[in-house]
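Heavy-atom basis, side chains included; hydrogens, waters and symmetry copies ignored.
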Amino acid sequence: MSESYFPVAPGLGVEENFLSLDDILMSQEKLPGRAESSLPRLAFALGQGAGAGDAIPEGSKLEIPLWLAKGLHDSKRRIISMELPKIYREAWRTVFSADANVVDLHKMGPYYYGFGSQLLNFDNPENPEIAQTILQTFISRFRRIMDSSQNAYNEDTSALVARLDELERALFRAGQKGLNDFQCWEKGQASQITASSLVQNYGKRKFTDMDG
C-alpha cells in the first residue's frame, strides 16, 4: 500500500525546507520584537487592530511568527528589531553549558535546534555564542538519547520522549526502529531482502543503453 505522504526532512542550518511539515510548523514559532517604523496593514494580522487597514505604530512591541520576521528583517532599513527568546539568552546558555540533559527542551520550545539556527539570520552580536550553545547541547544530549533508544526495547519511553525536541524525537524513533529491526533479524523474522527500486531502475536504464 502506498503512503499518501512521504515525510520530508527539515532543512539544515539557516536554510528551511518548505516541503517539510516540521519546518512549516517551526516557522510559526513567535519572536519578540519591536516596530522600528510604522507597519501599514499589519495590525489586524498580528492581532493588534480591529480593521484590515490598521497600521502598527512605530515603537510597538510585537510577537511575530518567524516567517514574517525574516521577511520584514532588513539590516539596512530598520523596519523591525528582534529580541532573543529567553531560552537562547545568556542565562539559559549558562544552564545548557552546565548540564544540557536536565532541560525539558520540548516544554521550552519544540523546535529548539531548528528555531535557534534560524535566529542566526538576524544581525545579533550573540550569534556566535548561540550557535556554539546549540551545537554543544546537541552533542551533550545525543549519546544519552541514542543509548536510551537502544536500551528501551518493549519499555514505556513516554516520560523520556516528552522532554525531547522534535529533532531529538526523530533520532530516538530512528534508534528504536534500528533496534526493533535487529531484534526481528535475530529471531529470523526479518522480511526478505530485495533490491531497492532505485537500483532496479538504474539496471534497466543501463541495459537499455547497451541495447541501443
Enquirer: Within the distance-only criterion (no hydrogens, no angle test), does the side chain of N121 pair as donor or acceptor with the backbone N or O of Q118 below 3.5 angstrom?
Expert: yes

Enquirer: If a pair satisfies side chain to side chain donor-acceptor pair (under 3.5 Å) and one of its residues is in residues 124-145, list it, with sequence neighbours excluded.
Expert: R93-E126, R141-E168

Enquirer: Distance-only check: which donor-acceptor pairs under 3.5 Å involve side-chain atoms of residues 55-64, not counting sequence neighbours?
Expert:
unit_1	atom_1	unit_2	atom_2	d
S60	OG	P57	O	2.8

Enquirer: Could you work out, with ring pair (Phe, Tyr, Trp, His ring centres under 6.0 Å) as the rule, every residue matching H106, not counting sequence neighbours?
Expert: none

Enquirer: Minimum heavy-atom separation for A35 and L39, please, with both atom names.
Expert: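 For A35 and L39, the tightest heavy-atom pair comes out as CB-CD1, 4.1 Å.
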
Enquirer: Which residues satisfy the salt bridge (Lys or Arg N to Asp or Glu O under 4.0 Å) test with R163, sequence neighbours excluded?
Expert: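 For R163 there are no salt bridge (Lys or Arg N to Asp or Glu O under 4.0 Å) partners, ignoring immediate neighbours.
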
Enquirer: Using the side-chain hydrogen bond (donor to acceptor under 3.5 Å, both in side chains) criterion, which residues pair with R89? Sequence neighbours excluded.
Expert: none

Enquirer: Please report the shortest heavy-atom distance between I130 and Y88, naming the atom on each side.
Expert: CG1-O, 4.0 Å

Enquirer: Excluding sequence neighbours, so at least two apart, what forms salt bridge (Lys or Arg N to Asp or Glu O under 4.0 Å) with R173?
Expert: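 By the salt bridge (Lys or Arg N to Asp or Glu O under 4.0 Å) rule, R173 matches no residue at all.
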
Enquirer: Who are the side-chain hydrogen bond (donor to acceptor under 3.5 Å, both in side chains) partners of S158, not counting sequence neighbours?
Expert: D156

Enquirer: Can you name the ring pair (Phe, Tyr, Trp, His ring centres under 6.0 Å) partners of F96, sequence neighbours left out?
Expert: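 So F96 forms a ring pair (Phe, Tyr, Trp, His ring centres under 6.0 Å) with Y112.
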
Enquirer: Mind checking what makes side-chain hydrogen bond (donor to acceptor under 3.5 Å, both in side chains) contact with K30, not counting sequence neighbours?
Expert: none

Enquirer: Can you list everything that forms a side chain to side chain contact (heavy atoms under 4.5 Å, CB included) with L160? Sequence neighbours excluded, please.
Expert: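 Partners of L160 by the side chain to side chain contact (heavy atoms under 4.5 Å, CB included) criterion, ordered by chain and then number, come out as S148, F172.
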
